[in-house]
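We number each residue from 1, following the sequence as shown.
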Amino acid sequence: MLLHINPAYLFKLLHGFPPWTCDKNFQAGTTMHVKKYLLKCLHRLQKGPGYTYKELLVWYCDNTNTHGPKRIICEGPKKKAVWFLITLLFAALVCWQWSIFIKTYLSWEVSVSLSVGFKTMDFPAVTICNASPFKYSKVKHLLKDLDELMEAVLESILAPELGHANATRALNSSIWNHTPLVLIDERNHHHPVVLDLFGDRHNGSSNSSASEKICNAQGCKMAMRLCSLNGTQCTFRNFTSATQAVTEWYILQATNIFAQVPQQELVEMSYPGEQMILACLFGAEPCNYRNFTPIFYPHYGNCYIFNWGMTEKALPSANPGTEFGLKLILDIGQEDYVPFLTSTAGVRLMLHEQRSYPFIRDEGIYAMSGTETSIGVLVDKLQRMGEPYSQCTVNGSEVPIPNFYSDYNTTYSIQACLRSCFQDHMIRNCNCGHYLYPLPRGEKYCNNRDFPDWAHCYSDLQMSVAQRETCIRMCKESCNDTQYKMTISMADWPSEASEDWIFHVLSQERDQSTNITLSRKGIVKLNIYFQEFNYRTIEESAANNIVWLLSNLGGQFGFWMGGSVLCLIEFGEIIIDFVWITIIKLVALAKSLRQRRAQANYSGPPPTVAELVGAHTNFSFQPDTAPRSPNTGPYPNEQALPIPGTPPPNYDSLRLQPLDVIESESDGDAI
């Protein structure tokens, strides 16, 4: 037999080209070989433990290392039933115990361990603020109209007849009309009476004398009226005491005024560091106001932070004890306090970590004037586990709330997140930001001139439970936190015997004056130190780890079923065999459906051999499709029966084929 080879094909092979690029027929042959190989693999899998589910189950029970299934095969009929029930019961117990352990593991519980260490520690950052945010002599011109109105309000409360007579004097009515204080008589809950402090009735009738009688009667409460939409929608914020009412009202009006002043001017109106910090000593090293970092805090004006660690390295504490701590003498200038804005005198201070923002209003403490306050410090370090054990964050990058305190370059804290969240809701709902919180770029602070309805909106948002829950749900705690536990003691300072010379020296140092310019009302002395270098570490760890889970799962499986990991692998093997038998049965079912569908395409009896031969040799051949009568034979014209032709030879059968191809084809037919 002659073999013809294409010269181009031979040329490509000799020059190193891959065979599959030589001819398309080669690619078709490769695809055919792959199909035959896969068919052969499927048939080999079919020759496994059995062709039916029953055979597979019998094979598994006879060969598994688990004790129960073997007894089901080997015992008699009655014992088979007993062992089947026992095996089923214990398998159910194992699954039940496994579900409990897996559920416990997925609950992500933690255990807390407390350890005590001893080492030299960095001294904490110390933030100090004056209780009064501004000097009254600097802001008096801004608060002139508000103070006159406040005096009129106090006259109306203390002397109603005199206050009503003086109500006609020149006052800034725009401040009062925007957010007035009112009196509410709630003795009749169905028909409460609302009265203005200056005698105007807001429910429609009655005269001023009747109003005064009602106001003086028991059960009359003071409230702040907050309106929006040009006064068409109003709410009342009630107070149990007139002191609280006038204080909150004054702070709200002062917020409106200070929000319209640039921050640089507010800084100049507050207490400067060189006047507030009279003396400073850290251990044996002297210090002054230049060692403090100034920061403007809207609640308290200028605040000063010692050892913040922003630009310099944190200072360590050499030893525990008062002589190695921070000693300060401060002058709060109480005689220049804003009378209606601040009712507390003293210094607000806070201890916190380096590079963290001091939320001193929420976490700080007061030190009284005229006293020496000693603060002993103990350190607690808290280390929480992250996801999935707790909803804590390392740096706040995954918190979906913009951090408005990022300009300070401080670390993440949940307080910063909560206040940023409130400010974000404030901007969205009220179209402006509150003066007490940082403002994002492009936004404005709320004030009565540009945003007349801001007070009503702010009050609703502040009282909204949904807003607080939303912020708490979105904000996350910090995974690593350091808390400073303080032990506070106080004593009068200076004593009567030493008061004269101490005030003379301090006055000379600050004002270069031989006269005493300081008084006990404005002097505060602070001693801040480590009580000891022992620190406590409160650390969370996983209560149930993967080792605990695997140990319990294996223990339960071995106790109830006498099995091991190999038994689970055997069970997985039988599952795979189940799947393959199912696939084989589905393939066989699809093949039988194709055969039935092919037979259904013939409307009459199947074609004869002659018709098949004619169709094969003569392409124009058409079989006789005329209807046949039941009384006639197979050929109505009584013609002679056609001699069956010889089918064309199958030349492929004359070729020699490899043995594996013949075997794969026979295996495919068996399927």
Verify, without hydrogens or angle tests, whether S369 (side chain) and K521 (backbone) share a donor-acceptor contact under 3.5 angstrom.
yes
Main chain of S132, side chain of R348: is a donor-acceptor contact present, judged purely on distance under 3.5 Å?
no
Quick one: pull up CG in L315 and CG in N307 and give me the separation to the nearest 0.5 Å.
4.0 Å
Contacts of type side-chain hydrogen bond (donor to acceptor under 3.5 Å, both in side chains), residue E539, not counting sequence neighbours:
none
Partner residues of Y484 under the ring pair (Phe, Tyr, Trp, His ring centres under 6.0 Å) criterion, sequence neighbours left out:
none
Ring pair (Phe, Tyr, Trp, His ring centres under 6.0 Å) involving Y412 - partner list, sequence neighbours excluded:
none
Centroid separation under 6.0 Å, is that true for the rings of F404 and Y437?
no
R384 side, atom CZ; E477 side, atom CD - distance, nearest 0.5 Å:
4.0 Å
Does the side chain of L149 come within less than 4.5 Å of Q253's, by heavy atoms?
no
Count the heavy atoms belonging to other residues, nucleotides or ligands that lie under 6.0 Å from CZ of R536, then report whether that count exceeds 12.
no
Ring pair (Phe, Tyr, Trp, His ring centres under 6.0 Å) partner of F123, the single match among W308, Y529, F324, F282:
F282
Do Y458 and C432 come close enough that some side-chain heavy atom pair is under 4.5 Å?
no
Okay, side chain of S156, backbone of A152: is any donor-acceptor separation there less than 3.5 Å?
yes
Do you know the tightest heavy-atom contact between A542 and Y389?
CB-OH, 3.4 Å
Less than 2.5 angstrom apart at the SG atoms, yes or no, for C303 and C129?
yes
Sorted by chain and number, sequence neighbours left out, ring pair (Phe, Tyr, Trp, His ring centres under 6.0 Å) with Y337 holds for none
For W108 and E387, what are the C-alpha separation, side-chain angles and deciding distance, and is it a side-chain contact (heavy atoms from CB on, under 4.5 Å)?
CA-CA 9 Å; W108 311 115; E387 295 283 352; over 6 Å; no
Closest heavy-atom pair, C227 versus D453, reported as atoms and distance to 0.1 Å, is O-OD1, 4.2 Å
Does R225 count as lying over the ring of F236, i.e. NZ or CZ under 6.0 Å from the six-ring centre, within 45 degrees of the axis?
no
Does a donor on one side chain sit under 3.5 Å from an acceptor on the other, for T322 and N527?
no
Verdict with supporting geometry, V347 and I332, side-chain contact (heavy atoms from CB on, under 4.5 Å):
CA-CA 7 Å; V347 171; I332 61 175; 3.3 Å; yes
Testing the 3.5 Å rule here: is there a donor-acceptor pair between the side chains of N256 and Y435?
no
If you measure only the distance, is there a donor-acceptor pair under 3.5 Å linking the side chains of E443 and Q423?
no
Are more than 12 heavy atoms from other residues, nucleotides or ligands located less than 6.0 Å from atom CZ of R510?
yes
Counting only N and O atoms by type, is there a donor-acceptor contact under 3.5 Å from the side chain of W493 to the main-chain atoms of T373?
no
Mind checking whether L226 and L252 have side chains closer than 4.5 Å, heavy atoms only?
yes
With a 6.0 Å cut-off (strictly less than), is the heavy-atom count around CE of M368, excluding the residue itself, greater than 12?
no
Please determine whether side-chain contact (heavy atoms from CB on, under 4.5 Å) holds for the pair N480 and Q383, giving the CA-CA distance in whole Å, both sets of side-chain angles, and the decisive distance to 0.1 Å.
CA-CA 5 Å; N480 299 317; Q383 299 177 1; 3.9 Å; yes
pair check: C471 + C417, SG-SG < 2.5 Å
no
Note: T517 and S507 closest approach over all heavy atoms is N-OG, 2.9 Å
V399 side chain near M474 side chain, heavy-atom distance below 4.5 Å:
no
M276: which residues meet the side chain to side chain contact (heavy atoms under 4.5 Å, CB included) condition with it, sequence neighbours left out?
N130, Y304
Enclosure of M310 CE (heavy-atom neighbours >12, cutoff 6.0 Å):
yes
First locate atom CZ of F134, then atom CG of D336, and finally report the distance between them rounded to the nearest 0.5 Å.
12.5 Å
If you apply the rule side-chain contact (heavy atoms from CB on, under 4.5 Å), what do you find for I472 with L418, and how did you get there?
CA-CA 7 Å; I472 292 174; L418 292 174; 4.3 Å; yes
Indicate yes or no: at least one non-hydrogen side-chain atom of E353 is less than 4.5 angstrom from one of D481.
yes
Please round to the nearest 0.5 Å and tell me the distance separating atom NZ of K485 and atom CD of Q483.
4.5 Å
Donor-acceptor pair, side chain of S241 and main chain of T243, under 3.5 angstrom
yes
What residues, two or more places apart in sequence or in another chain, satisfy side-chain hydrogen bond (donor to acceptor under 3.5 Å, both in side chains) together with S111?
S541
Can you measure from CD (Q391) to SG (C475) and round to the nearest 0.5 angstrom?
12.5 Å
W454 and N448 side chains, donor-acceptor separation under 3.5 Å
yes
Could you state the interatomic distance from OG (S390) to NZ (K476), rounded to the nearest 0.5 Å?
9.5 Å
For the student: nearest non-hydrogen atoms of Q531 and G376, plus distance
CG-CA, 3.5 Å
Nearest non-hydrogen partners of T470 and A466, listed with the distance:
OG1-O, 2.8 Å
Quick one, R361 and Y297 - any side-chain contact, counting heavy atoms below 4.5 Å?
yes
Any chance the side chains of Y271 and Q275 put a donor and an acceptor closer than 3.5 Å?
no
Minimum heavy-atom separation for A131 to T342, with atom names?
O-CG2, 3.5 Å
Have Y136 and D147 got a donor and an acceptor in their side chains that come within less than 3.5 Å?
yes
Counting C-beta onward and ignoring hydrogens, is there a side-chain heavy-atom pair between D460 and N429 closer than 4.5 Å?
no
Determine whether a donor-acceptor pair (N or O, by modelled atom type, separation under 3.5 Å) exists between the side chain of H456 and the backbone of C234.
no
Is any side-chain heavy atom of P339 closer than 4.5 Å to one of M150?
no
